[in-house]
Amino acid sequence: MRFSSDEEVLAGIRSGGEACNSALRYLYKVNLPMVSRYITQNSGRAEDAQDKFQNAVIVFYEHVCEGRFEGRSSIRSYLLAIVRNMWLNELKRKGLNEKYTESLLPEAQDMPDTPHAVFVSGEHAAVLDAVVQQLGEGCRNLVRWRFWQYKPMKEIAELMGYKNEQVAKNKQQKCLESLRQLILHNKAAGEILAEYV
Amino acid sequence: MSEGFTSEERIHRYLMNEMTGSEKAAFEQDCAADPALREALELERKVMALVRHDARTDLKKMLQTEDEEKSIPLKPRSRKWVPWVAMTGVAAAVLLIVINLTTTRGFYEEPPSDLFYGTERGTPSPGGDELAAVREAYLQHEYAKALELMGNVKLPEGEAAQNANFIAAHCLWHLKRYPEAAERFRALRDLTPPGDKLYRYTWWYHVLALREAGETEKAGAELQQLHDQQYNNMDADLRQKVDRLMGK
């Protein structure tokens, strides 16, 4: 699917479902070559570019959901600013920041620093995956819609096919309680999450 | 309760940045004075972090699929090649192996349990209790601890040594110490009879570790040798992995 403007991409993301997936895939595909050039010119490998850019698209999506992306710059500049921050942090972590040479589009160089999230990966991710997979599919969707996509309870009730908002709220409480118990009963998961909150 | 919200609702409003300035200040004041509220807030932060991790993982998988769809598949080999076709095919295969080996993400999986416990030849727990403690630490994802415990184990010869090396190599992998993991897998191969399942799997992990250590060409050459020498003896699972990494 092709999108002819940032407005169309944003409309796709905000409508959710398959339209949202298409918009995010489109952003990834169209901008990856630029990101790849930037990362490989700055001590990175092609797979670093893929990994960082996937994370950047996720952060961008979260900013849209949270209302933090205000459209004052183009989506492309915003994405590149996120990647730049992530990659600079990575280089600092590896002690390679002296090798950094700015090679982004001029429009991205003018962007202010964009705060980005820290991603759980490797064996830590495996521990968390094992915990969350103990939760039913319905619960996983519900809490995701509420606390990741910031959907209002009314909309969630409709998505879940519940009679009203109160039923969805009750279900949310049960799901959250299950999650709390899962975390309290898995010491390793609790410690990992404490690092990332 | 405050302003008609339950404690749980206040925590969620706080974490989702939905509070007004004065509401937020009041909530932070309450937290400072109330250890139970503080504890509930910390737990809820973890819950949100877990939800976010779960959702991100799915979205990331979707974007990774986008990369996989762009990769070039390797055509299956024909057995009736004329020499020049064969040479071109080999050159293309080596090139594509190198291309494919630019990422081994998604190829690493925990070893089959019969190898992990060294029970393939009917030996239930080689290495005794000391090695069992190492294994337990590994299973709890405490890889640094497993390696530390390993240093205290006085290993007998033979299968227990193989088993210990196998665990150690996987610990190094999980700790992202890939060059050391590659060396350990290579050393283990030397300790293992070539007919064993462990031998073939160790070789496979050696390829993955070499790649992650940045030794792409060496990894490509090892993969080709593993394929040529052991393919017919591999179980279906390993065969599938090798095929996939070779881009078949």
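Order of the sequence lines fixes the chain letters, A, B, ..., with proteins taken first and strands second; residue numbering starts at 1 for each chain.
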Answer yes when B:Glu148 and B:Lys145 have at least one side-chain N-carboxylate O distance shorter than 4.0 Å, and no when they do not.
no
Lys/Arg-Asp/Glu bridge criterion (N-O < 4.0 Å) met for B:Asp237, B:Lys241
yes
Ranking A:His124, A:Gln133, A:Arg180, A:Arg140 by heavy-atom pairs under 4.5 Å to chain B gives rank one to A:Arg180
Quick check on A:Ile183 against chain B: is it the side chain, the backbone, both or neither that has a heavy atom closer than 4.5 Å?
side chain
Taking side chain as everything from C-beta outward and backbone as N, CA, C, O, which of these in A:Leu24 sits under 4.5 Å from a heavy atom of chain B? Side chain, backbone, both or neither.
both
Non-hydrogen atoms of chain B under 4.5 Å away: do they reach the side chain of A:Ala188, the backbone, both or neither?
neither
Are side-chain heavy atoms of B:Leu172 and B:Phe185 found at a separation under 4.5 Å?
no
Can you tell which of A:Leu128, A:Leu193, A:Ile192, A:Val131 makes a side-chain contact (heavy atoms from CB on, under 4.5 Å) with A:Asn186?
A:Val131
For the residue pair B:His141 and B:Tyr143, categorise the inter-ring angle as parallel (less than 30°), tilted (30 to 60°) or perpendicular (more than 60°).
perpendicular
From the list B:Glu44, B:Glu18, B:Glu42, the residue making the most non-hydrogen contacts under 4.5 Å with chain A is B:Glu44
What residues of residues 155-176 of chain A make heavy-atom contacts with chain B at a cutoff under 4.5 angstrom?
A:Gln172, A:Gln173, A:Leu176
Does any N or O in the side chain of A:Asp48 come within less than 3.5 Å of the main-chain N or O of A:Arg45, such that one atom is a donor and the other an acceptor?
yes
Mind checking whether B:His170 and B:Phe166 have parallel, tilted or perpendicular rings, split at 30° and 60°?
perpendicular
Check each atom of B:Glu8 against the heavy atoms of chain A and say whether the ones under 4.5 Å are side chain, backbone, both or neither.
side chain
Which portion of A:Ala189 sits near chain B, non-hydrogen atoms under 4.5 angstrom
neither
Interface residue of largest heavy-atom contact number with chain B, from A:Asn21, A:Val127, A:Val57, A:Leu179, under 4.5 Å
A:Asn21
Please confirm whether B:Tyr108 and B:His174 have ring centers closer than 6.0 angstrom.
yes
Let me confirm one number: the CG-CG distance from A:Asp129 to B:Asp54, rounded to the nearest 0.5 Å.
7.5 Å
Between B:Met48 and chain A, which part of the residue has a heavy atom less than 4.5 Å away: side chain, backbone, both or neither?
side chain
A:Val59 versus chain B, the contacting section by heavy-atom distance below 4.5 Å:
neither
Side chain from CB out, backbone as N, CA, C, O: work out which of these in B:Asp58 comes under 4.5 Å of a heavy atom of chain A, or both, or neither.
side chain
Select one option (side chain, backbone, both, neither) describing which atoms of A:Asn141 are under 4.5 Å from chain B's heavy atoms.
neither
Chain A shares the most heavy-atom pairs under 4.5 Å, among B:Leu50, B:Val51, B:Thr57, with B:Leu50
Applying the salt bridge (Lys or Arg N to Asp or Glu O under 4.0 Å) test to B:Glu180, which of B:Lys176, B:Arg184, B:Arg177 qualifies?
B:Arg177
Classify the angle between the aromatic ring planes of A:Phe53 and A:Tyr28 as parallel (below 30°), tilted (30 to 60°) or perpendicular (above 60°).
parallel
Sorted by first residue and then second, give each side-chain hydrogen bond (donor to acceptor under 3.5 Å, both in side chains) pair with at least one member in residues 56-65 of chain A; sequence neighbours left out.
A:Tyr61-A:Gln149, A:Glu62-A:Trp148, A:Glu62-B:Arg56, A:His63-A:Arg68, A:His63-A:Tyr78
